[in-house]
Amino acid sequence: MKKLLLLLIVFTSCKKEIYYYPSEDFFKKNNPREINIDDLNFEKITDSIRNGLYENKFHFLKIEDSKAIYKVSPSAYTGGYVRVRNGLLLRKDSVHLKKGVSPITELSKGLKSHYENKGKDFFYASSYRFAHVLLVLEMQEKSKKLKTVLLNLVKTYNQTEIENKDSISFNIVFDYPIKHPQYIPPPPTEFKNE
């Protein structure tokens with residue numbers, strides 16, 4: 001009997017908690033499809049998500065650690081109007097806050113300021129309903145780095161005390177910088193004054 005009780009305790013302690021981003025309701029309503037990102041770079045992951053959004057299909061990434069499973073359904077810019085102030089810019093090693101660029105260790109402060117702003121400060125989100133985190137990585141960044149950054153982001157979000165957190169949909173948007181060739185204007189034409 002003791003062995004059975006011990007086995008039951010070990011089995012229940014091994015069960016991992018599951019977290020959903022942006023929210024569990026989003027997953028129930030949209031039924032996103034999991035994509036395996038192990039062999040993809042950040043550009044291909046972002047483009048896959050973007051192409052799915054064009055067809056009104058949602059995808060999610062599954063990230064695990066020893067205690068929990070995180071199911072993240074990110075979005076990507078597909079064009080259209082998006083207020084820059086509603087996105088908290090996050091790079092792999094820095095957070096771009098009102099006071100400038102801060103190390104990733106300041107992420108908790110940035111999330112709290114961003115989601116609790118309520119339109120007071122122009123440089124943060126106008127409301128927690130429109131707020132999102134814009135994750136920008138290089139196009140060739142490997143999926144291992146993306147998983148590390150995402151895991152740090154969701155863990156920090158879970159540990160940060162934010163007002164109305166139960167009402168927040170924690171939206172994460174992927175984007176990568178595009179290096180355009182520099183545009184060289186044509187030489188000026190001569191104007192004749194008459």
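Because the structure is a prediction, the values reported are computed rather than measured. Counting begins at 1 with the first residue of the sequence.
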Student: Supply the atom-to-atom distance Lys62 NZ to Lys147 NZ, rounded to the nearest 0.5 angstrom.
Tutor: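 Reported value, rounded in 0.5 Å steps: 10.0 Å.
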Student: Working to the nearest 0.5 Å, report the span between CG of Leu53 and OG of Ser75.
Tutor: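 If we round to the nearest 0.5 Å, Leu53:CG and Ser75:OG are 6.5 Å apart.
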Student: Looking at CD1 of Ile45 and NZ of Lys142, how far apart are the two atoms once the value is rounded to the nearest 0.5 Å?
Tutor: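 With rounding to 0.5 Å, CD1 (Ile45) is 10.5 Å from NZ (Lys142).
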Student: Taking the side chain as every heavy atom from C-beta outward, state whether Leu137 and Arg91 have any pair of such atoms under 4.5 Å apart.
Tutor: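 They are not in contact (no side-chain heavy atoms under 4.5 Å apart), so the answer is no.
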Student: State, to 0.1 Å, how close Leu88 and His96 come at their nearest heavy-atom pair, and which atoms those are.
Tutor: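 Closest pair (atom of Leu88, atom of His96, distance): CD1-O, 3.8 Å.
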Student: Could you tell me the separation between the CD1 atom of Ile172 and the CD1 atom of Ile49, rounded to the nearest 0.5 Å?
Tutor: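 Between atom CD1 of Ile172 and atom CD1 of Ile49 there are 10.0 Å.
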Student: Would you mind reporting whether Phe42 and Val149 have side-chain heavy atoms less than 4.5 Å apart?
Tutor: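 A side-chain contact under 4.5 Å is absent here.
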Student: Distance-only, no hydrogens or angles: does the Asn171 side chain make a donor-acceptor pair with backbone N or O of His132 under 3.5 Å?
Tutor: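 Flag not set: sc Asn171 to bb His132 has no pair under 3.5 Å.
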Student: Quick one, Tyr157 with Ile162, criterion side chain to side chain contact (heavy atoms under 4.5 Å, CB included). Give me CA distance, side-chain angles, the key distance, then yes/no.
Tutor: CA-CA 9 Å; Tyr157 174 77; Ile162 301 172; 4.0 Å; yes
Student: Applying side chain to side chain contact (heavy atoms under 4.5 Å, CB included), run through Asn41 and Ser143 and close with a yes or a no.
Tutor: CA-CA 6 Å; Asn41 63 22; Ser143 62; over 6 Å; no
Student: Report yes if some heavy atom in the side chain of Arg33 is under 4.5 Å from a heavy atom in the side chain of Lys57; otherwise report no.
Tutor: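 A side-chain contact is absent here, since even the closest heavy-atom pair is not under 4.5 Å.
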Student: Starting at OG of Ser169, measure out to OH of Tyr128 and round the result to the nearest 0.5 Å.
Tutor: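 Output value for this atom pair is 9.5 Å.
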Student: Tell me, do Leu61 and Leu146 make a side-chain contact under 4.5 Å, heavy atoms counted?
Tutor: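 Yes, side chains in contact.
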Student: Which pair of non-hydrogen atoms, one from Pro74 and one from Val72, has the smallest distance, and what is that distance?
Tutor: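 Looks like CD-O, 3.1 Å.
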Student: What distance do Gln159 atom CD and Leu111 atom CG have between them, rounded to the nearest 0.5 Å?
Tutor: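 The distance works out to 11.0 Å.
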Student: Decide, yes or no, whether a salt bridge links Lys112 with Glu116 under the criterion of side-chain N to carboxylate O below 4.0 Å.
Tutor: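 Salt bridge: yes.
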Student: Out of curiosity, does Val133 fall in the hydrophobic cluster containing Phe130 (side-chain heavy atoms, cut-off under 4.5 Å, transitive links)?
Tutor: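 Per the 4.5 Å side-chain linkage, Phe130 and Val133 are not co-clustered.
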Student: Indicate yes or no: at least one non-hydrogen side-chain atom of Pro103 is less than 4.5 angstrom from one of Asp93.
Tutor: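 Side-chain contact under 4.5 Å: no.
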Student: Could you tell me whether a side-chain N or O of Asn152 sits under 3.5 Å from a main-chain N or O of Thr148, the two making a donor and an acceptor?
Tutor: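 No.
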Student: Please report the closest heavy-atom contact between Ser126 and Asn86, naming both atoms and the distance.
Tutor: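 Taking Ser126 first and Asn86 second, the nearest heavy atoms are N-OD1, 2.9 Å.
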Student: With a 3.5 Å distance limit and no angle check, can you tell me whether Ser127 reaches the backbone of Arg129 through a side-chain donor-acceptor pair?
Tutor: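 Yes, because the side chain of Ser127 sits within donor-acceptor range (under 3.5 Å) of the backbone of Arg129.
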Student: What's the shortest heavy-atom distance between Pro22 and Ser73, and which atoms?
Tutor: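 Of all heavy-atom pairs spanning Pro22 and Ser73, the closest is CD-O, 3.7 Å.
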Student: Do Tyr70 and Asn158 meet the criterion of a side-chain donor-acceptor pair at a distance under 3.5 Å?
Tutor: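 Their side chains do not contain a donor-acceptor pair, so the 3.5 Å distance test is not met.
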Student: Classify the side-chain pair Thr46/Asp175 by whether it contains a donor and acceptor separated by less than 3.5 Å.
Tutor: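 No, no side-chain donor-acceptor pair sits under 3.5 Å.
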Student: If only side-chain N and O atoms count, and only distance matters, is there a donor-acceptor pair under 3.5 Å linking Ser108 with Thr156?
Tutor: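 No.
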Student: Using only atom types and a distance under 3.5 Å, with no angle test, would you say the side chain of Asp121 pairs donor to acceptor with the backbone of Tyr124?
Tutor: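 Between the backbone of Tyr124 and the side chain of Asp121 there is no qualifying donor-acceptor contact (under 3.5 Å).
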Student: Output yes when Lys67 and Glu17 qualify as a salt bridge under the 4.0 Å nitrogen-oxygen rule, no when they do not.
Tutor: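 Salt bridge: no.
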Student: Begin from the C-alpha positions of Met139 and Lys44 and carry the test side chain to side chain contact (heavy atoms under 4.5 Å, CB included) through to its verdict.
Tutor: CA-CA 8 Å; Met139 294 166 73; Lys44 290 179 182 175; over 6 Å; no
Student: Taking atom CG of Asp38 as the centre, does the number of heavy atoms from other residues, nucleotides or ligands within less than 6.0 Å exceed 12?
Tutor: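 More than 12 heavy atoms, drawn from other residues, nucleotides or ligands, come within 6.0 Å of this atom.
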Student: Do Ile37 and Ile35 touch side chain to side chain, with heavy atoms closer than 4.5 Å?
Tutor: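 Ile37 reaches Ile35 side chain to side chain.
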Student: Determine yes or no for a side-chain-to-main-chain donor-acceptor pair under 3.5 angstrom, with Lys71 supplying the side chain and Tyr21 the backbone.
Tutor: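 No, because the side chain of Lys71 does not come within donor-acceptor range (under 3.5 Å) of the backbone of Tyr21.
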Student: Less than 6.0 angstrom from the centroid, inside 45 degrees of the normal: does Lys165 satisfy that with respect to the ring of Phe170?
Tutor: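 Not flagged: Lys165 not positioned over aromatic ring of Phe170.
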Student: I'd like to know whether Glu141 forms a side chain to side chain contact (heavy atoms under 4.5 Å, CB included) with Lys92, so could you lay out the CA-CA distance, the side-chain angles of the two residues, the decisive distance to 0.1 Å, and finally the verdict.
Tutor: CA-CA 10 Å; Glu141 198 71 60; Lys92 65 181 174 182; 3.4 Å; yes
Student: Report yes if the side chains of Leu135 and Val173 come closer than 4.5 Å at any heavy-atom pair, otherwise no.
Tutor: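 Leu135 vs Val173: side chains apart.
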Student: Decide yes or no for Val95 and Val101: does some side-chain heavy atom of the first lie under 4.5 Å from some side-chain heavy atom of the second?
Tutor: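 When only atoms from C-beta onward are counted, Val101 and Val95 do not touch, as no gap falls below 4.5 Å.
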Student: Can you pull out every ring-ring contact (aromatic ring centres under 6.0 Å, His included) where at least one residue sits in residues 44-66? Sequence neighbours excluded, please.
Tutor: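 Non-adjacent pairs meeting ring-ring contact (aromatic ring centres under 6.0 Å, His included): Phe26-Phe58, Phe27-Phe60.
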